[in-house]
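Naming convention: chains lettered A, B, ... in sequence-line order (proteins, then strands); numbering from 1 in each chain.
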Protein chains: 2
Amino acid sequence: MSINNNFELYKVFYWAAKTGSLTQAAHALYLTQPSVSHAIKQLENSFGMTLFYRNSKGVELTQEGAILYSYIEQSMILIAHAEENMLALRNLDSGELRIGGSDSLFKHYLLPILEEFRTKHSGVKLHLHHGTTPDVITFLKEGRIDLGVVRLPIVDPQLKVRESFQLQDCFVAGSHFAQLKDKVLTLDMLLQYPVILFSRNSRARMAVTEEFQRYGYTLKPEIEVGSVDLLIEFARRGMGISYVTREFVLNELEAGTLFEIQLDISLPPSRVGIMTMLNMPLSSAAKRFIELIR
Amino acid sequence: MSINNNFELYKVFYWAAKTGSLTQAAHALYLTQPSVSHAIKQLENSFGMTLFYRNSKGVELTQEGAILYSYIEQSMILIAHAEENMLALRNLDSGELRIGGSDSLFKHYLLPILEEFRTKHSGVKLHLHHGTTPDVITFLKEGRIDLGVVRLPIVDPQLKVRESFQLQDCFVAGSHFAQLKDKVLTLDMLLQYPVILFSRNSRARMAVTEEFQRYGYTLKPEIEVGSVDLLIEFARRGMGISYVTREFVLNELEAGTLFEIQLDISLPPSRVGIMTMLNMPLSSAAKRFIELIR
DNA sequence: TATTGTTTATAGACACGGTCTATATCACCT
DNA sequence: AGGTGATATAGACCGTGTCTATAAACAATA
C-alpha cells in the first residue's frame, strides 16, 4: 500500500523541515535530538533517498525532500485546522444542535432555555424542527434531530427518555361560561358542556381520555383543533371548554379572559421528557443542552 | 500544542470512516479488529467526543466525526500523493537532473549519454548549464547544479571528484601547413609556427602550457579564442596550429580537412571527471547518471 | 425461539520499537 | 587550540501498540 507505514515520521519531518534544525524540531515535539535524527533516518531509509542536507548549522531540504515537504506541509496544516475545529466543537464555539418538539413546547417552555443556550454558546447553530410526538420520534430515528422534547410517557425500545419537568393540564373556559367560575364540577357535570380538545394523536389528549375512562366516562370533544393557539382562542370566544396546559394560558388566566374549571378529581400532571436515541452518542452541544434544561 | 499526539490514529480513523467498518479498516491496515477498536477509542478520548456510531453493521460517523473526517480525508489524500511522488522520484519517473559542463564536452561527449539517460528515464527533466570549469564549480557550490563534468585535475576540499574518462589533446593544422603532415616535430620546431589556443582560463590550455614548461619551452599563442568551434575553424583556414581535443575533431581528421601534428614527445592525456559536492547527498537521478557515464 | 453469522468491546499478555542518556564526530568561529 | 554549536551513533530500557481469546450485542436466518 504505502511506502512509509508510520505517519508519526511525517510529523517529525515537518518540524525538521520547518525549523531547519533537528534540535529545534526536537524541542517543538518534546523529544530529544537523537530521537529526531533517528526518525528522519527511518523516513529516508523507507524512501531510499536523502531528504536533508546536513551541515553544521542545521539541516536543509534536498530537492526530493522539498517535494515531499510541499505535500506534507499542506497535510499538517489541514490536521492542525482539524484539531482546532475539534477543540471548538468541544468548547461549543462551533457545531450545531438540532431539536425537535411541538410548537407549543417551543413557544412556552423551551424559548428561555434556548435563549440561555444561545447567549452562552453563540457559535452553535440551532435548528428547530416542529412536529407532533410521532413526528419527532421519526425525526430522531431518521437522524434529522439530535434530541426531541415531548410529553411522556414514551415507550420505545430504541429511545432513551429523560423526564425533565411537569406540566399541569386543565380545563379552561371564557366569560361565556362564567357561571362555572367558582364551582367544583364532577366529571359528568363537565360532560354537559361542549369540550374542545387537541387533535386525536396528541399525547395530552390521549392521557385525559384515558383518565375519564378510568372513572367510567367517555370524553368526546365537540370541537377538535390542531393548534394550542386555536384551543385557547376558541375557549376565549366561548365556543366550549378547552383542555389545555395551564402553563400555556398563564397570561389569559391572570388577565381574566379565561378561568380554570375546578374538578372534584385531580387530573394527573403531564410529564415532559427529553428523548434521544438509545445507544447513540450525543454531541457536545446536545449534552450541554440537556444539562441546561435540568 | 495539539490535542492528539499520535498521527497514526488519524490513519486508522481515516480507514474506519472510509470503509464504515472497523473490521475492514483492520484488513486495510494489516491490523486486527481489536487494535483498530482500541485506536479509535484513543482518538475519541483525546478529543473528548464520540466520532462513530457503532451498530451491528459497522460504524458510522457522528456529526463531529464527519467534520474531523472532512479534514483528515484531504490530509490522507495529500500524503498518498506525496508517497506516489516519492516513488516516482525513486523510480526516476519524475524529478530533474541539473548538469554543468563546458559546451564542447556536452557537444562531443555527453550527448550520447544524455540521450541514453533520456530514453531510459523520460520523466526526468534535464537542465544543462554551460560554463568554464570555474563557472561550473561556482554553480555547484551555489546549488544550481547537481553535478559538473569537467577536466581534471580539480583540487577543492569541498568537492568530490570521480575520474570518468580520458581525452587526448593534440595539435592540428589544415592544408596550409601540409608540409608538416608526415613529419615528427620537436617542440621548438612547433614553436616556429603560429599556435592557436583556447582562452587563458581553460584547463586544457594550462595543462599544455605546463607540459611545455617542463621541457623548458614557453608556449605562447598567436591567437586566443573562446570556443572550440573557433579553434577548429581557424585551423581549417590555415591561420595556425590549434591545440584541440582529438576526439572533438575526429570528423575533420577523417575528412582530411585537418591533420594531426606528430610530436617527438607524447602529451599527457587530459582526464575528465564528474564533480559533486562533498558530503552532499545525490538525488536518485544524479546517482543514476553517474552510473551511466561509467 | 433457537441458531448462526455478523459486528464491536474488553481483558490481559507479550514483544517490538521509540525514546532516552551518553558519547562521538564534525564544522565553524574566536 | 579551544569552545560552541550542529548531527550521528551506540546501547539500554520502558511504554505501548498489537496480539489472542472471549464477551456482548444485534440481525437474519431457520
Side-chain angles (χ1 to χ4, degrees), chain A residues 1-2 4-46 50-62 65 141 156-160 277-281, chain B residues 1 4-46 50-62 65 141 143 156-160 277-281:
Chain A
M1 180 185 77
S2 73
N4 159 39
N5 65 343
N6 186 353
F7 278 21
E8 279 298 283
L9 299 184
Y10 287 131
K11 193 165 63 184
V12 179
F13 169 77
Y14 172 67
W15 282 99
K18 188 186 167 96
T19 61
S21 154
L22 302 193
T23 307
Q24 281 184 254
H27 289 153
L29 294 162
Y30 302 102
L31 291 176
T32 59
Q33 172 268 320
S35 300
V36 172
S37 181
H38 184 236
I40 297 297
K41 180 139 297 200
Q42 269 190 295
L43 198 59
E44 288 181 327
N45 288 341
S46 76
T50 311
L51 298 170
F52 290 103
Y53 299 119
R54 275 81 161 171
N55 58 49
S56 60
K57 301 181 68 178
V59 295
E60 202 178 338
L61 286 167
T62 61
K141 291 188 178 173
D156 189 312
Q158 292 185 57
L159 301 180
K160 174 172 182 180
M277 291 297 287
L278 188 65
N279 296 329
M280 280 254 193
Chain B
M1 179 188 74
N4 160 38
N5 65 345
N6 186 352
F7 278 22
E8 279 297 284
L9 299 184
Y10 287 131
K11 192 164 64 183
V12 179
F13 169 76
Y14 172 67
W15 282 100
K18 188 186 167 96
T19 61
S21 154
L22 303 193
T23 307
Q24 280 183 254
H27 289 152
L29 294 162
Y30 302 102
L31 291 175
T32 59
Q33 170 269 320
S35 300
V36 172
S37 181
H38 183 236
I40 297 297
K41 179 139 297 197
Q42 266 190 295
L43 198 60
E44 288 180 327
N45 288 341
S46 75
T50 311
L51 299 170
F52 289 103
Y53 300 121
R54 276 81 161 169
N55 57 49
S56 61
K57 300 181 71 179
V59 295
E60 202 178 338
L61 287 167
T62 61
K141 291 187 178 173
D156 190 311
Q158 292 186 55
L159 302 180
K160 174 173 182 179
M277 291 297 287
L278 188 66
N279 296 330
M280 280 253 192

Quick one: is A:Asn6 getting a side-chain N or O under 4.0 Å of the C:dG17 phosphate, OP1 or OP2? no

Distance check: side-chain N/O of A:Ser56 vs OP1/OP2 of D:dG5, anything under 4.0 Å? no

Nearest-angstrom distance from the residue atom CG of A:Leu51 to C1' of D:dT7: 15 Å

Can you tell me how far the CG atom of B:Leu31 sits from the CG atom of B:Leu22, to the nearest 0.5 Å? 11.5 Å

Please check if the side chain of A:Thr19 supplies one atom and the backbone of A:Trp15 the other of a donor-acceptor pair under 3.5 Å. yes

Is there a side-chain contact between B:Ser35 and the phosphate of D:dC19, meaning an N or O under 4.0 Å from OP1 or OP2? yes

With the side chain of B:His38 defined as its heavy atoms from C-beta on, choose the nearest nucleotide among D:dT7, D:dT18, C:dC20. D:dT18

Nearest heavy atom decides the nucleotide; on that basis, is A:Gln24 or B:Glu8 closer to the 5' end of DNA chain D? A:Gln24

B:Thr32 side chain N/O closer than 4.0 Å to the phosphate oxygens (OP1, OP2) of D:dC19? yes

Could you tell me the separation between the CD atom of A:Glu44 and the OG1 atom of A:Thr62, rounded to the nearest 0.5 Å? 7.5 Å

With a 4.0 Å limit, can you tell me whether A:Lys41 has a side-chain N or O closer than that to the phosphate oxygens OP1/OP2 of D:dT9? yes

Distance check needed: C:dG18 P versus A:Lys11 NZ, whole Å only. 13 Å

Report the distance from atom CG of B:Leu31 to atom C1' of C:dC16, rounded to the nearest whole Å. 14 Å

Are more than 12 heavy atoms, taken from residues, nucleotides or ligands other than A:Lys57, located less than 6.0 Å from that residue's NZ atom? no

Rounded at 0.5 Å granularity, tell me how far OH in B:Tyr10 sits from CD in A:Glu8. 10.0 Å

Closest to the A:Leu22 side chain: D:dT7, D:dT18, C:dT8? D:dT7

Taking atom types as they are modelled, would you say the side chain of A:Gln33 forms a donor-acceptor pair with the base of D:dA6 within the 3.5 Å cutoff? no

With nearest nucleotides of DNA chain C determined for B:Pro34 and A:Lys57 from heavy-atom distances, which residue corresponds to the more 5′ nucleotide? B:Pro34

Nucleotide D:dT18, atom C1' - distance to CG of B:Leu9 in whole Å: 13 Å

For A:Leu29 and C:dG18, give me the distance from atom CG to atom C1', rounded to whole Å. 13 Å

Let me know the distance between CG of B:Asn55 and C1' of D:dA25, rounded to the nearest Å. 11 Å

Does A:Arg54 have a side-chain nitrogen or oxygen under 4.0 Å from the phosphate oxygens OP1 or OP2 of D:dA6? no

How close or far is atom C1' of D:dG17 from atom CD of B:Gln42, stated in whole angstroms? 8 Å

Could you tell me the separation between the CD atom of B:Glu60 and the P atom of C:dT7, rounded to a whole number of Å? 16 Å

